[in-house]
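Just below is one structure, and these are the notes that go with it.
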2 protein chains.
Amino acid sequence: MNTDKHSQNLKKEDYLSHIAFDSVIFGFNGKDLKILVLQYHNTGLFALPGGFVRRNESLDEAVSKGVVERTGIDNIYLEQFQTFGGLDRFDSKAMERILKMNGLDPKANEWLLDRFISIAYYALINFEEVNPVPDALADSIEWYSFEELPPLMMDHEEIVQKALETLRANLDRKLLGMNLLPEKFTMRELQNVYEKIMGEPFKRTAFQRKMLATNALIRHEKRFTGGAHRAPYLYSFKTMVKDRS
Amino acid sequence: MNTDKHSQNLKKEDYLSHIAFDSVIFGFNGKDLKILVLQYHNTGLFALPGGFVRRNESLDEAVSKGVVERTGIDNIYLEQFQTFGGLDRFDSKAMERILKMNGLDPKANEWLLDRFISIAYYALINFEEVNPVPDALADSIEWYSFEELPPLMMDHEEIVQKALETLRANLDRKLLGMNLLPEKFTMRELQNVYEKIMGEPFKRTAFQRKMLATNALIRHEKRFTGGAHRAPYLYSFKTMVKDRS
DNA sequence: TCGTTATTGTAACAATTTGTTACAATAATA
DNA sequence: TATTATTGTAACAAATTGTTACAATAACGA
């Protein structure tokens with residue numbers, strides 16, 4: 001990862017001008033729900049992982065590639081949820097600072113200071129599997145829970161808010177929990193995912209009955225964790241084609 | 001509407017390159033559900049109403065303006081539902097033909113032949129109120145029901161399909177029926193909207209009870225249509241701020 | 001070995017919502 | 001004034017969801 005590569009990566013003629021994407025990458029570890037946030041070199045600026053679309057790749061390909069680069073894992077659940085096209089959504093001053101701090105010439109990369117429309121996606125992953133990697137312009141990428149989220153650039157806080165709303169609305173229509181859990185998990189862990197996402201507690205018995213009634217779970221052996229109580233069964237989701245609409 | 005104005009309207013430097021929008025405008029007349037489709041001059045090409053985004057207007061403004069121009073009415077319910085960014089979604093041959101047939105020079109408007117990403121919106125209106133107006137490049141704009149839809153350009157059929165899916169998914173979460181009906185309507189008319197959109201019949205009594213239970217309807221005087229039967233009440237929706245997210 | 005403790009799995013019952021059937025109350029018309 | 005086609009409501013049934021209760025354990029320590 002050197003500066004040469006950076007400037008090469010951002011040649012105007014390789015990309016569709018005015019078009020960017022941003023991703024809200026949700027991670028879960030059995031207990032907490034967090035998202036990935038980038039911090040740019042020496043600027044104090046925080047932002048969502050994002051990128052641009054090359055002329056010879058589709059939008060979905062560009063986003064998928066970007067998310068793989070940040071997380072190191074392939075085959076992530078991705079869902080486009082909204083395109084942001086406000087007049088306010090460019091901050092050429094901030095972008096100029098970011099370029100300068102990365103040793104790039106703002107003049108030579110003037111197209112990056114112009115107005116962008118951004119297509120936003122959210123991704124769901126089990127964050128034990130992940131070793132996040134900052135992008136070319138950032139010096140760090142970290143997991144943040146919603147309570148400790150730093151102030152984000154431009155409209156990125158609005159994007160996070162909308163991502164969470166969409167995730168909540170989709171949660172009971174699709175089986176999104178599966179993407180945040182390891183292969184096998186207990187009913188309590190599944191309930192934890194749902195509660196963290198929805199931000200409210202559920203009744204254990206009703207939750208269990210409803211989940212079993214969906215007929216989407218396979219019961220496996222019990223898991224003996226060493227707790228002084230009955231051991232819970234492990235479950236996995238019946239494999240189905242993931243919906244990548 | 002003259003050719004001068006057309007070419008003026010499409011000056012490259014006024015617009016964000018690579019960015020377009022398309023709109024699926026649903027109309028209802030108490031009986032049928034239809035959408036607006038454009039036909040281009042002497043090309044046999046059909047397409048959804050769409051347009052481009054000026055540098056000095058937001059995406060939502062651009063779309064709103066475009067829909068007002070086509071329908072002649074302001075304050076339409078509009079909802080962004082998906083952005084299409086496939087590699088396949090430009091057809092420079094077709095675009096060239098459209099420009100030529102409108103007396104425009106493809107060379108001078110080369111940016112229009114390039115790849116576009118399109119943000120798609122759907123709109124809901126009561127189509128009695130509307131007198132559709134073709135855009136600068138089209139010679140007709142007509143209402144088509146889904147059964148008689150002509151073959152559409154590029155991925156526009158996919159866009160229509162997705163619009164219908166989204167409308168259906170949103171129907172029981174939001175009160176979208178209101179945008180397709182006149183100010184006052186009967187319970188039967190409301191049920192007709194729901195049935196046409198969902199493509200399946202509902203039980204009259206359960207539908208009525210559910211609608212009344214939402215507490216979102218105001219009951220007015222009866223409507224005497226001349227039928228040899230009990231006259232139905234008229235209802236209107238309790239006014240609320242329309243959700244234009 | 002055998003209570004004790006903290007869960008988990010299930011069943012039983014209650015409350016709520018949704019589906020179905022029945023029927024009286026009309027508007028027009030003959 | 002009887003007839004016809006619909007509408008508005010109520011009554012009952014079925015299905016879903018919410019709540020409570022309780023037995024079945026794993027581990028631990030007396």
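Naming convention: chains lettered A, B, ... in sequence-line order (proteins, then strands); numbering from 1 in each chain. Atom set for the values below is all heavy atoms of this structure, side chains included, hydrogens, waters and symmetry mates excluded.
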Inset, instruction - Please identify each residue that fulfils salt bridge (charged side-chain N to carboxylate O under 4.0 Å, His left out) with A:Glu128, with sequence neighbours left out. - result: none
Inset, instruction - Figure out the CZ/P separation between B:Arg223 and C:dA28, and round it to whole Å. - result: 13 Å
Legend entry - Set of residues satisfying salt bridge (charged side-chain N to carboxylate O under 4.0 Å, His left out) with respect to B:Lys203, sequence neighbours excluded: none
Any protein N or O atoms within reach of nucleotides 23-30 of chain D? Criterion: under 3.5 Å, listing atom names and distances.
{"from": "D:dA24", "atom 1": "N3", "to": "A:Arg230", "atom 2": "NH1", "distance (Å)": "3.2"}
{"from": "D:dT25", "atom 1": "O2", "to": "A:Arg230", "atom 2": "N", "distance (Å)": "2.6"}
{"from": "D:dA26", "atom 1": "OP1", "to": "A:Lys222", "atom 2": "NZ", "distance (Å)": "2.4"}
{"from": "D:dA26", "atom 1": "O4'", "to": "A:His229", "atom 2": "O", "distance (Å)": "2.8"}
{"from": "D:dA26", "atom 1": "N3", "to": "A:Ala228", "atom 2": "O", "distance (Å)": "3.4"}
{"from": "D:dA26", "atom 1": "N3", "to": "A:His229", "atom 2": "N", "distance (Å)": "2.6"}
{"from": "D:dA27", "atom 1": "OP1", "to": "A:Gly226", "atom 2": "N", "distance (Å)": "3.4"}
{"from": "D:dA27", "atom 1": "O4'", "to": "A:Gly227", "atom 2": "O", "distance (Å)": "3.3"}
{"from": "D:dA27", "atom 1": "O3'", "to": "A:Gly226", "atom 2": "O", "distance (Å)": "3.3"}

Inset, instruction - Applying side-chain hydrogen bond (donor to acceptor under 3.5 Å, both in side chains), name anything that partners A:Asn192, two or more places apart in sequence or on another chain. - result: none
Legend entry - No-hydrogen, no-angle side-chain donor-acceptor test under 3.5 Å, A:Glu142 and A:Tyr144: no
Inset, instruction - Please name all residues satisfying side-chain hydrogen bond (donor to acceptor under 3.5 Å, both in side chains) with B:Tyr122, sequence neighbours left out, ordered by chain then number. - result: B:Asn170
Legend entry - Angle between terminal axes - the helix from C:dT1-D:dA30 to C:dA30-D:dT1, 5 pairs each end, rounded to 10°: 20°
Legend entry - Pair A:Glu195, A:Gln191: side-chain N/O donor-acceptor within cut-off below 3.5 Å: yes
Inset, instruction - Return the minimal non-hydrogen interatomic distance between B:Val68 and B:Ile73, and the atom names on each side. - result: CG2-O, 3.6 Å
Inset, instruction - Apply side-chain hydrogen bond (donor to acceptor under 3.5 Å, both in side chains) to A:Glu147 and list each qualifying residue two or more places apart in sequence or on a separate chain. - result: A:Ser145
Inset, instruction - Name all residues meeting the ring-ring contact (aromatic ring centres under 6.0 Å, His included) criterion together with A:Phe127; count only those two or more places apart in sequence or in a different chain, and write none if there are none. - result: A:Trp143
Inset, instruction - Check side-chain hydrogen bond (donor to acceptor under 3.5 Å, both in side chains) between A:Glu189 and all other residues, then give those that pass, not counting sequence neighbours. - result: A:Arg223
Inset, instruction - Select base, sugar-phosphate, or nothing to describe what A:Arg219 touches, counting heavy atoms under 4.0 Å on all strands. - result: sugar-phosphate
Inset, instruction - For DNA chain C, find the residues of residues 183-199 of chain A with a heavy-atom distance under 4.0 Å and give them by number; none if there aren't any. - result: A:Arg188
Legend entry - Step-by-step salt bridge (charged side-chain N to carboxylate O under 4.0 Å, His left out) determination, A:Lys162 to A:Asp155: CA-CA 11 Å; A:Lys162 188 73 192 176; A:Asp155 58 355; over 6 Å; no
Inset, instruction - State, without any angle test, whether B:Tyr121 and B:Asp60 hold a side-chain donor-acceptor pair at a distance under 3.5 Å. - result: yes
Legend entry - Qualifying residues under salt bridge (charged side-chain N to carboxylate O under 4.0 Å, His left out), relative to B:Arg219, sequence neighbours excluded: none
Inset, instruction - For DNA chain C, find the residues of residues 202-214 of chain B with a heavy-atom distance under 4.0 Å and give them by number; none if there aren't any. - result: B:Lys203, B:Thr205, B:Ala206, B:Arg209
